[in-house]
Amino acid sequence: MKFFLLLSAIAFCWAQYTPHTNPGGTSIVHLFEWRWADIALECERYLAPNGFGGVQVSPPSENAIINNPPRPWWERYQPISYKLCTRSGNEDEFKDMVTRCNNVGVRIYADAVINHMCGSGVSAGTNSTCGSYFNPGSKDFPAVPYSHWDFNDGKCKTGSGDIENYTDPYQVRDCRLVSLLDLALEKDYVRSKIAEYLNHLIDIGVAGFRIDASKHMWPGDVKAILDKLHNLNTSWFPEGSKAFIYQEVIDMGGEPIKGSEYFGNGHVTEFKYGAKLGTVLRKWNGEKMSYLKNWGEDWGFMPSDKAVVFVDNHDNQRGSGAGGASILTFWDSRLYKMGVGFMLAHPYGFTRVMSSFHWPRYFENGKDVNAWVGPPNNDGEIKEVTINPDTTCGNDWVCEHRWRQIKNMVAFRNVVDGQPFTNWWDNGSNQVAFGRGDKGFIVFNNDDWSLFVTLQTGLPAGTYCDVISGDKSDSNCTGIKIYVSSDGKANFSISNSAEDPFIAIHADSKL
Ligand code: AAO
């Protein structure tokens, strides 16, 4: 019996459901469009020391260069080949990043674009990030190589060849997503080429993959590819470890395709999470924070152990994908920090923090006409992420993950990892609080009046530093101090006009 338990524990640890982050690294950050050289530095100088578990990197595969509009961020979702050669860097730089991040205990997850190649309307030629020739008209990608045999068009039944109706699962899987040439994933040849690409990344040392556009692939085809994958590189991972898989499926509940169809392959993105949290914090549709008492599966979300959660992602922060006006982003920084703080304090899901770049957001008829704008660049070359004396980023990189409130909540999540959700309190409106066992406690005031309350924190007696208004450094606290008495209770006061109307304390912020 003991042996069986041990075996099943090992099997669980080695399966594709484990992110392989080090203990004390429970969140990952999406360093959207960063150069590999900057990510390597960030792992060493910031992510490892601050308890980040890993990084989701932008697609590393060669892509079409789009000039109209000029170098949009989304060109990276139009692969030309599986050469590791993009605006973020070449193969050597990718390897250097993976090695250096792994060496300091920070994992790399690659965004894998395997559903399709470039758009059907892109001109043939060598205008690609590694100069590989391609011809979308004849469906020729000799650098893989793929030819017209390797695409789905014969199977698609729509007039345009594109997905026209999301209520038809056949269209969604067999037709082109926004005209992107759809690979025939039932073919063993195509599966093998994709597996070869992913195995190349695994051998270099990545810990897993975000599988882009998973909704547009049959779950069985994804599985057939995953079955061909190598185990992770034993320089950093235990023998027999499998890549962590999280599949991008937008399931808001209104379409026949369900995220749950993909659970057999790994985790799935939970897009309802950010949309709902935004609605609650904005107090739209009569929502209030007190309703968050049963946040999680009771809200119609997938099981926590399958969910990858985030407040915003690179699509919906600019109104695409499952974008909706409720999504909180760095543009609404005060509410955004509360949203990310809530996510990181709450036990539900595997958490991903977004790290963005600025763009000249400009709305015309409710639509952001600059949503296409690519990363900070000089004539197309991505700019370095510079670091200001106050630790924030320069060159138009937003670096939400370096905001004190967010950085400190990443640490909070590490400290409370495995602790139960406890000591919920609310005022029936938008003042709420909860704890994580005897390790952490957080209080929010999103009402239009101040909060003064004595609450049971569940924490041992002592003086704690609020990690939202400041930092603990040695035995000092640059923020508010909270005094927990021997019965576990503490007084909290949060003005509704506070810069950040929430307070968080945890075992490691005890003075
Ligand atoms: C670009 C151009 C296109 C051009 C194409 C080819 O913009 O005009 O035709 O090149 O030349 C990114 C960009 C695309 C870009 C593409 C390739 O976002 O604009 O196209 O690169 O360069 C669907 C997919 C989902 C996808 C999302 C954007 O299901 O997989 O669209 N996300 C990923 C990436 C994304 C990337 C791709 C996939 C492609 O994260 O960055 O595209 O590799 C409904 C469906 C969703 C669907 C959305 C949007 O959502 O449910 O599945 O997402 O529609 O079409 C409410 C509903 C929600 C609904 C939503 C929007 O929220 O609750 O269900 O409204 O209507």
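Just follow the structure's listing: the first ligand is 1, and inside any ligand the first atom is 1. We number each residue from 1, following the sequence as shown.
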I'd like to check [atom] in this structure: does the protein have a heavy atom lying under 4.0 Å from it?
atom: atom 22 (O) of ligand 1; result: yes
atom: atom 1 (C) of ligand 1; result: yes
atom: atom 66 (O) of ligand 1; result: no
atom: atom 8 (O) of ligand 1; result: no

Name the orientation class of the two ring planes belonging to Trp359 and Phe357 (parallel below 30°, tilted from 30 to 60°, perpendicular beyond 60°). perpendicular
For the residue pair Arg210 and Tyr77, would you count it as a cation-pi contact if the rule is NZ or CZ under 6.0 angstrom from the ring centre and within 45 degrees of the ring axis? no
Find out whether the Lys NZ or Arg CZ of Lys306 is both under 6.0 angstrom from the six-membered ring centre of Tyr17 and within 45° of the ring's axis. yes
Taking all heavy atoms of Asp38 and all of Lys383, pick out the closest pair and write down the distance.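 Minimum heavy-atom contact is OD2-O, 4.1 Å.
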Compare every heavy atom of Leu281 with every heavy atom of Leu335, then report the nearest pair and how far apart it is. CD2-O, 3.8 Å
For [atom], which of the options [options] provides the nearest non-hydrogen atom?
atom: atom 39 (C) of ligand 1; options: Arg318, His314, His116; value: His116
atom: atom 37 (C) of ligand 1; options: Ile250, Val122, Asn63, Asp212; value: Asp212
atom: atom 63 (O) of ligand 1; options: Met252, Glu75, Lys272; value: Met252
atom: atom 15 (C) of ligand 1; options: Trp74, Trp372, Tyr77; value: Trp74

Below 3.5 Å, N or O to N or O, backbone or side chain included: is there any such pair between [X] and ligand 1?
X: Ser320; answer: no
X: Trp73; answer: no
X: Val178; answer: yes

Verify whether the ring centers belonging to Phe32 and Trp73 lie closer than 6.0 Å.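 Between Trp73 and Phe32, which both carry aromatic rings, the centre distance is below 6.0 Å.
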Looking only at heavy atoms, is any part of [X] under 4.0 Å from ligand 1, and if so is it the side chain, the backbone, or both, or is it neither?
X: Phe271; value: neither
X: Tyr166; value: side chain
X: Leu180; value: side chain

Going by the order shown, which atoms of ligand 1 are within less than 4.0 Å of some heavy atom of Glu248? 25 (C), 26 (C), 30 (O), 32 (N), 33 (C), 40 (O)
Return the residue, atom name and 0.1 Å-rounded distance of the protein heavy atom closest to atom 61 (C) of ligand 1.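 For atom 61 (C) of ligand 1, the nearest protein heavy atom comes out as Gly321 O, 3.4 Å.
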Residue, atom and distance of the protein heavy atom nearest atom 52 (O) of ligand 1 read Lys215 NZ, 2.6 Å
Matching residue for His267 among Phe209, Phe244, Tyr262, Tyr109 - test: ring-ring contact (aromatic ring centres under 6.0 Å, His included):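 Option passing the ring-ring contact (aromatic ring centres under 6.0 Å, His included) with His267: Phe244.
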For the ring-ring contact (aromatic ring centres under 6.0 Å, His included) test, which of Tyr348, Trp295, Phe421 pairs with Phe434? Phe421
Close approach of Met217 to ligand 1, heavy atoms, under 4.0 angstrom: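 No, Met217 has no heavy atoms under 4.0 Å from ligand 1.
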